[in-house]
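Here's the structure, in structure tokens; my notes come after.
Both backbone and side-chain heavy atoms feed into the values below; hydrogens, waters and symmetry mates do not. The chains referred to below are lettered A, B, ... by the order of the sequence lines, with proteins before strands, and numbering in each begins at 1.
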Amino acid sequence: MDILAELNSQQQSAVMAGEGPVLVLAGPGSGKTRVLTQRIAYLIGAVGVNPYNILAVTFTNKAAREMESRVQDLLGVRAHGLTLGTFHATCARILRREAEHLPFNSNFVIFDSDDQLGVVKQALADLNLDLKHYTPRGIHASISNAKNYLRLPEDYPIQTYRDEVVKRVYTRYQELLFDSNGVDFDDLLLWTAYLLEETSTVREKYARRYEHILVDEFQDTNLAQYALVRHLGSIHKNIFVVGDTDQSIYAWRGADYRNVMRFEQDHPEAQVILLEQNYRSTQSILNVAMAVIDRNPYRTAKRLFTQRGSGDKIALHETYDDREEATYVVDMIASLVGLKQAKPGDFAIMYRTNAQSRLLEEAFLHRNLPYKLVGAQRFYGRREVKDVIAYLRLAHNPANDISLSRVINAPPRGIGNKSLLALRTHAQKIHLSSGELLLELGWGSGSAHSGAFTRRTLASLATFGALLVGWRAMVAEVPPLTLMDEILEKVGYRDYLDDGTEEGRERWGNVMELRRLAAEYTERDLAAFLEDVALVSDQDTLEDSVNVPTLLTLHAAKGLEFPVVFIVGLNDGTLPHVRSFDDPEAMQEERRLFYVGITRAKDRLYLVIPLNRSAYGYSEPTEESRFLKDIPVDLVEEEGHLRRRPKAGPSYRPDRWVSPSPAAARALKPQYSPGSRVQHPVWGEGMVLSSRIQDDDEIVDVFFAEVGMKRLAASLARLQLKT
DNA sequence: ATGGACAATGTTTTT
DNA sequence: CATTGTCCAT
């Protein structure tokens with residue numbers, strides 16, 4: 001099998017690692033995706049493992065799909081039965097299959113973040129708590145955090161009065177979810193972990209099945225995910241995890257990069273493999289990346305090296321404000337494309353916060369240039385899209401109260417707050433959910449409940465109930481698309497949206513886009529469609545076939561690469577974000593985020609600093625990002641509007657670009673002298689041509705008989721000096 | 001019940 | 001500023 005061709009020695013040992021736990025520490029661009037796919041192919045093709053017995057977990061659906069097709073390419077056939085997906089999707093599958101052991105049934109709906117916020121608000125209202133003092137967002141964050149740490153409401157630790165409140169809301173929140181037969185994102189992990197923990201039959205079933213478990217982006221797992229992996233691997237112990245603590249950027253979501261260390265502690269016998277060589281970026285880009293990340297404490301310094309050569313210097317550019325920043329970026333892209341130095345699709349523009357995309361989009365629009373924007377929220381967060389999905393969810397599960405209240409009066413059909421409240425109250429009285437009562441009314445059994453409603457209300461409710469009855473009947477019979485069309489037509493959704501304005505037409509266009517997505521579900525049912533919709537990640541919305549620049553947040557950029565990268569908004573308060581100023585841990589994460597952004601670039605990196613930033617309508621002067629001070633001046637090529645800067649000229653602070661790092665000042669002595677002979681683990685024997693000290697490392701040029709000239713970083717290359 | 005006018009309030013990142 | 005929520009008149 002030629003699976004192992006074109007792999008370096010570390011990659012090979014990772015791919016072919018034997019039984020037992022394996023930890024792969026992979027720097028950016030070190031080919032970890034390749035290692036994962038090749039290992040899967042190796043296990044199936046060379047070791048003879050049945051794909052059915054392999055579980056591979058990725059961070060996004062897109063990554064999973066890519067991996068699947070690459071495994072197929074390697075094997076020549078589809079790996080039938082392979083479990084491959086995100087943590088969330090995999091858990092959803094397990095929960096549906098094992099629902100009998102759980103406090104909800106198998107056609108549960110996954111609540112998205114808006115729904116979750118709605119449930120929190122409902123819970124707060126039910127408990128008569130003041131929304132002013134307890135922000136739903138904050139409360140939800142606490143609940144989510146508890147779930148990520150596998151804490152049920154009864155386990156919620158109480159230290160302050162607020163904890164007391166959160167615990168009560170959490171309890172009510174869970175009740176409301178169960179009543180609607182819903183789960184939130186965190187529940188998917190929480191309940192699967194609990195199921196595996198508590199129910200030994202289920203645990204053994206899956207642990208026996210999964211002879212091999214592979215996990216990508218291990219540094220971004222939370223405690224629930226860690227527990228999951230541990231349970232699933234409890235029998236065979238063949239757990240293969242890949243991660244890079246320097247790229248951990250999801251602590252705010254409960255992720256804990258210390259899981260990497262925990263893994264080593266829990267499995268002292270684990271093989272640890274380092275992937276150090278970078279195949280993506282130029283050395284200049286890597287040097288900048290290292291200069292930035294080296295400032296983080298408590299990490300094992302990695303030396304990123306490449307054989308691609310040093311490449312262009314990094315471009316640093318100042319603009320007057322964020323508006324000019326946007327036009328600068330777009331103009332630069334336009335001229336580079338015009339000069340045929342790059343294709344439009346080679347470019348990515350990255351920013352810290354979503355709000356920053358607006359000016360960029362406007363600049364593209366203004367120049368009439370196309371772009372694509374990564375972000376599921378952008379599409380699925382739109383009112384009209386949410387409405388239609390809520391209709392479908394309601395048809396799928398009438399007990400879903402959140403969806404019901406969303407659509408019961410959109411478009412308006414005379415059922416306002418009063419009627420809704422009456423419906424709820426009466427439903428509660430007869431121990432039905434509002435949706436079930438609505439179905440009753442729709443069947444024409446209104447007389448049985450006539451005492452509860454006014455004649456008018458009853459009529460409106462019954463009309464809507466009858467519609468719902470019809471849709472209910474269709475769910476199991478027709479594909480999602482047919483149901484959607486029926487709903488849109490029956491409620492007159494088009495007329496409701498399309499009010500003749502540009503915006504109205506755009507909104508209807510979004511509905512049509514959703515329709516296009518639903519059209520793909522011919523083999524799979526409504527439940528599958530709704531699940532996929534709930535679990536799309538931002539990256540999943542990225543189409544890579546289109547040759548236009550990509551706009552995305554730094555978070556969404558993880559795992560991707562682009563020939564030319566712009567990182568914009570490099571001022572203190574944006575990157576690093578203000579919210580991290582008083583928290584050293586958060587500040588370190590901001591730094592890692594910047595590092596992730598830098599290491600996405602293959603050939604060219606532009607860092608853009610707007611000297612003024614508009615916030616809340618005002619333009620304010622800003623300080624440039626503190627991270628820039630850590631980049632040595634010789635790696636950077638400064639261009640731009642220095643004249644705007646009074647400090648330019650002799651008083652310009654060149655020292656700001658000189659790394660004050662004592663490490664950089666440390667004098668190194670070359671270990672290798674021209675003419676001496678060395679041994680390399682992969683390329684065999686070679687002769688040193690030259691050697692010099694650069695950036696705290698020794699760069700050695702070696703001529704190998706086998707492969708020719710190579711430039712190596714001495715700290716990484718594991719060269720042996722032959723005597 | 002509905003829609004318009006006004007006030008308040010706010011922004012990290014996302015499965 | 002721009003969105004979201006609240007209040008009030010119809």
Given the rule in the side chain to side chain contact (heavy atoms under 4.5 Å, CB included) test, do A/Gln247 and A/Asp220 qualify, once you have shown the distances and angles that lead to the verdict? CA-CA 8 Å; A/Gln247 293 184 65; A/Asp220 282 323; 6.0 Å; no
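- Among the protein residues, A/Asn354 comes within range of the sugar-phosphate backbone only, with heavy atoms under 4.0 Å from sugar or phosphate atoms but none that close to a base.
- Here B/dT14 presents its C1' atom at 18 Å from CD1 of A/Ile143, a figure rounded to the nearest Å.
- Between the C1' atom of B/dT11 and the OH atom of A/Tyr351 lies a distance of 15 Å, rounded to the nearest Å.
- Inter-residue side-chain proximity for A/Leu373 and A/Phe379 is flagged as unmet; no heavy-atom pair is nearer than 4.5 Å.
- Of the side-chain N and O atoms in A/Thr553, one or more sit less than 4.0 angstrom from OP1 or OP2 of B/dT14.
- Of the candidates B/dT11, B/dT15, B/dT14, B/dT15 carries the atom nearest the A/His88 side chain, counting heavy atoms from C-beta on.
- Between A/Tyr250 and A/Phe59, the ring centre distance stays below 6.0 Å.
- Listed nucleotides B/dT11, B/dT13, B/dT15 differ in distance to A/Thr353; the shortest reach to its side chain belongs to B/dT13.
- Between the CZ atom of A/Arg383 and the C1' atom of C/dT4 there is a distance of 13 Å, rounded to whole Å.
- When the P atom of B/dT15 is taken as reference, atom OH of A/Tyr250 falls 6 Å away, rounded to whole Å.
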I'd like to know whether A/Asp244 forms a salt bridge (Lys or Arg N to Asp or Glu O under 4.0 Å) with A/Lys32, so could you lay out the CA-CA distance, the side-chain angles of the two residues, the decisive distance to 0.1 Å, and finally the verdict. CA-CA 10 Å; A/Asp244 177 8; A/Lys32 71 185 167 65; over 6 Å; no
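- Residue A/Lys121 is in sugar-phosphate contact alone, with no base atom involved, counting any heavy-atom pair closer than 4.0 Å across all strands shown.
- Looking at heavy-atom distances under 4.0 Å, A/Asp112 makes no contact with the nucleic acid at all.
- Residue contacts shown for A/Arg592 are absent, as no nucleic acid heavy atom lies under 4.0 Å away.
- Where stacking is scored as ring centres under 5.5 Å apart with planes under 30°, A/Phe59 does not register as stacked on the base of B/dT15.
- In this structure, A/Arg579 places its CZ atom 8 Å from C1' of B/dT11, rounding to the nearest Å.
- Distances were taken from every side-chain heavy atom of A/Ala556 (C-beta onward) to each of B/dT15, B/dT2, B/dT14; the shortest belongs to B/dT14.
- A straight line from OH of A/Tyr380 to P of B/dT15 spans 12 Å, rounded to a whole angstrom.
- The shortest distance between the side-chain N/O atoms of A/Asn409 and the OP1/OP2 oxygens of B/dT2 is below 4.0 Å.
- A straight line from CG of A/Asp220 to P of B/dT13 spans 17 Å, rounded to a whole angstrom.
- Residue A/Ser419 is in sugar-phosphate contact alone, with no base atom involved, counting any heavy-atom pair closer than 4.0 Å across all strands shown.
- In this entry the distance linking CG of A/Leu189 with C1' of B/dT14 reads 13 Å, nearest Å.
- Between A/Asp186 and A/Ser580, the one whose closest nucleotide on DNA chain B sits nearer the 5' end is A/Ser580.
- You'll find that the side chain of A/His577 is closest to B/dT11, out of B/dT14, B/dT11, B/dT15.
- For A/Arg358, the listed nucleotide lying nearest its side chain is C/dA2; candidates were B/dT14, B/dT15, C/dA2.
- Of the possible donor and acceptor atoms, one in the side chain of A/Asp112 sits under 3.5 Å from a partner among the backbone N and O of A/Asp115.
- Put simply, the side chain of A/Thr574 never gets that close to the backbone of A/His577: no donor and acceptor are under 3.5 Å apart.
- Comparing A/Asp540 and A/Arg413, the nucleotide of DNA chain B nearest to each residue sits closer to the 5' end for A/Arg413.
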